[in-house]
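Each remark here refers to the structure printed beneath this line.
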Amino acid sequence: MTRQYLYTERTHLMCPNMNFGIVAEMNRTFDENRIRHTLSLLVQAHPFLSALLGYEEETGQFYYHITSDSQVDLIIKDETITGLYDKSVMSEYERLISTDWDLIREGMLKIVCWKQENKLCVLLVFHHLLADGRGALSLAKEFAEYYVHGNIPQYVEEKLISSVDDFPRGSELPAVSRILVDRANKTWKKENHLVCYERYHDFANQYLQKDRVIHDTFSFDKERMNEIQAQCREHKVTVNDYLTAKMHEEEKTNKIIIASDLREQLSCYAKGALGNYSTAFSVHIKGKGEDTMITARKIHNQVQKIMNTPVSLYLILQCFARLNPELLDAAVIATRGDFESKAGKFIGTVFFGFESPTGYSITNLGKIESSSIDNAMFIPPASPAVKKIQGILTVNGRMNVCVSRRNLGDGV
């Protein structure tokens, strides 16, 4: 396949806590040989599962270095657990993300398998360079479809966003943002220094020793989900609008970041491919103490307007694309570390909010009906800008919510 370079993905490279997880209960008993065979088929179907991080000295570009072997770390546990809410699952997830992954030497996916009564419980832990949430869920479904039913995953050539030409007409960066980006790029060029990956890796490990992310989980059963969906239909809003309104009420925040899937809009995307094909935008909620559904309706109108306005929907991706990629590397370490860069600190604070983890966010992977997966949960990534993020996934009528959060008094 053609060498795939980091482009908009570069913002996920030198940034701590760019890991997230999918936990799934699969409707077939534990069989280690079948687990290993399932993984081998997935590796054949997805070249990025054999990838390490590569670097071109002459161009300064990072790329997905496809090797001849699987780079997935498979961990088989001897213990039997009760399912995705068993404390062992989150303990293992937190252990795996407690240090920064050295992607030059290790892969971008770790899979942990446990025995469960009449089922297999699987935790897939991703680095964001491998996939976004929807891509991760697709991979988990492929694993389950072969493991349970024998449906062989099909080969997909990975083709990432590679230039602004992949974005739709009308999504060009607004003048004010373009001025800020150009100013930052010029300042960075004058500074004339780079963040090497090894220096970032040392910084990230020190950062993660102090940065304690707490994970909480809860769920809505089918009956409660039916009630919520009926309310949403009555008020012509989505479940995600409702959940955003609830976060606004409970957290007393007027700004919430929402992740949005762009797969159907990008011609470079091949169905089932790994990589990042999503964006994020913020909704600003005015007013306090209103009925939840009134707030949800305001949010719905705002979200629909953004979704139908390419210049708003693609704003963050256009910034990633226009910023000097090596400046993107410096955003976190210049803001939270000891790397001196006015341009890096400007981008890290003004564009990404890395100075303090105060942001609130929701990533909803939607709903699936599956005969191979009985239940599943999405553990969302907690970037340095996030105080609290909800990861939402609905499987067979049941909604599971995982919250990644920080206490600002923890000294982060």
Side-chain angles (χ1 to χ4, degrees), residues 4-13 15 18 61 128-136 138 158-185 238 240-241 244 255-271 273-285 299-329 331 346-354 359-366 380-381 383 385-386 389:
Q4 297 293 299
Y5 293 93
L6 275 62
Y7 185 53
T8 53
E9 287 85 0
R10 188 129 174 186
T11 192
H12 301 134
L13 174 60
C15 186
M18 283 292 100
Q61 294 189 85
H128 218 326
L129 284 182
L130 179 62
D132 55 26
R134 287 289 176 89
S138 178
E158 321 288 9
K159 187 180 179 186
L160 301 170
I161 297 169
S162 60
S163 79
V164 291
D165 294 335
D166 290 321
F167 301 144
R169 183 176 298 175
S171 68
E172 293 79 9
L173 204 60
V176 173
S177 299
R178 191 165 59 248
I179 290 169
L180 292 174
V181 166
D182 290 346
R183 188 180 81 178
N185 283 337
T238 67
N240 210 58
D241 299 327
T244 307
K255 179 182 176 182
I256 296 174
I257 307 298
I258 297 176
S260 181
D261 182 22
L262 297 174
R263 278 166 173 71
E264 299 305 317
Q265 300 185 27
L266 296 170
S267 59
C268 61
Y269 173 71
K271 187 175 180 180
L274 297 176
N276 286 274
Y277 305 93
S278 61
T279 187
F281 57 84
S282 61
V283 293
H284 298 263
I285 306 112
I299 291 168
H300 180 84
N301 292 338
Q302 192 175 157
V303 167
Q304 292 307 305
K305 183 177 180 180
I306 293 170
M307 296 285 284
N308 291 315
T309 310
V311 71
S312 299
L313 183 59
Y314 283 80
L315 177 62
I316 189 68
L317 288 182
Q318 286 282 8
C319 286
F320 293 163
R322 301 280 182 176
L323 283 165
N324 185 299
E326 284 136 344
L327 174 52
L328 283 173
D329 297 344
F346 174 76
I347 292 300
T349 54
V350 176
F351 277 62
F352 301 133
F354 289 148
Y360 291 86
S361 182
I362 287 181
T363 299
N364 189 344
L365 301 189
S383 92
V386 167
I389 178 171

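Fair warning: this is a prediction, and the values are worked out from it, not measured in the lab. The basis for the numbers below is simple: all heavy atoms, side chains too, and nothing from hydrogens, waters or symmetry mates.
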Main-chain N/O of Leu160 paired with Gln4 side-chain donor or acceptor, under 3.5 Å: yes
Pairwise distance NE2(His284) to CD1(Ile256) - rounded to 0.5 angstrom: 10.5 Å
Side-chain donor-acceptor contact under 3.5 Å, Asn185 with Asn324: no
Worked verdict on Gln302 versus Phe281 for side chain to side chain contact (heavy atoms under 4.5 Å, CB included): CA-CA 11 Å; Gln302 192 175 157; Phe281 57 84; over 6 Å; no
Closest approach of Lys255 to Ser282 (non-hydrogen atoms, all atoms of both residues): CE-CB, 3.7 Å
Nearest-0.5 Å distance, CG of residue Leu323 to OG of residue Ser177: 10.0 Å
Separation between CD of Glu158 and CG of Leu274, rounded to the nearest 0.5 Å: 4.5 Å
Closest non-hydrogen atom pair between Ala259 and Thr363, with its separation: CB-OG1, 3.6 Å
Minimum-distance pair of heavy atoms, taken over all atoms of Tyr7 and Ala321: OH-CB, 3.4 Å
NZ or CZ of Arg183 within 45° of Phe346 ring axis and under 6.0 Å: yes
Pairwise distance OG(Ser383) to NE2(His12) - rounded to 0.5 angstrom: 9.0 Å
Option among Thr8, Leu313, Leu173 that satisfies the side chain to side chain contact (heavy atoms under 4.5 Å, CB included) test with Phe167: Thr8
Ring centre gap for Phe320 and Phe351 strictly below 6.0 Å: no
Any donor-acceptor N/O pair, Glu9 side chain to Leu129 backbone, under 3.5 Å: no
Rounded distance [0.5 Å steps], CZ in Arg263 versus SG in Cys268: 10.5 Å
Exam field: side chain His128 to backbone Ala131, donor-acceptor pair closer than 3.5 Å: yes
Arg10/Asp329 under side chain to side chain contact (heavy atoms under 4.5 Å, CB included): CA gap, chis, key distance, verdict: CA-CA 7 Å; Arg10 188 129 174 186; Asp329 297 344; 2.7 Å; yes
Note: Arg134-Asp132 ion pair, threshold 4.0 Å (strictly below): no
Sub-4.5 Å side-chain heavy-atom contact between Glu172 and Val311: no
Minimal non-hydrogen separation, Ile347 against Ala184, with atom names: CD1-CB, 3.7 Å
Rounded distance (nearest 0.5 Å) linking atom CD1 of Ile258 with atom OG1 of Thr279: 12.0 Å
Heavy-atom closest contact (Ser260 atom, Met307 atom, distance): OG-SD, 3.4 Å
Exercise: identify the closest heavy-atom pair between Ile389 and Ile362: CG1-N, 4.5 Å
Side-chain donor or acceptor of Gln318 paired with backbone N/O of Ser171 under 3.5 Å: yes
Side-chain donor-acceptor contact under 3.5 Å, Thr238 with Asp241: yes
Ser278 and Leu262: CA distance, side-chain angles, deciding distance, side chain to side chain contact (heavy atoms under 4.5 Å, CB included) verdict: CA-CA 5 Å; Ser278 61; Leu262 297 174; 5.7 Å; no
Parallel, tilted or perpendicular: rings of Tyr269 and Tyr277 (30°, 60°): perpendicular
Derivation of the side chain to side chain contact (heavy atoms under 4.5 Å, CB included) call for Asn240 and His300: CA-CA 9 Å; Asn240 210 58; His300 180 84; over 6 Å; no
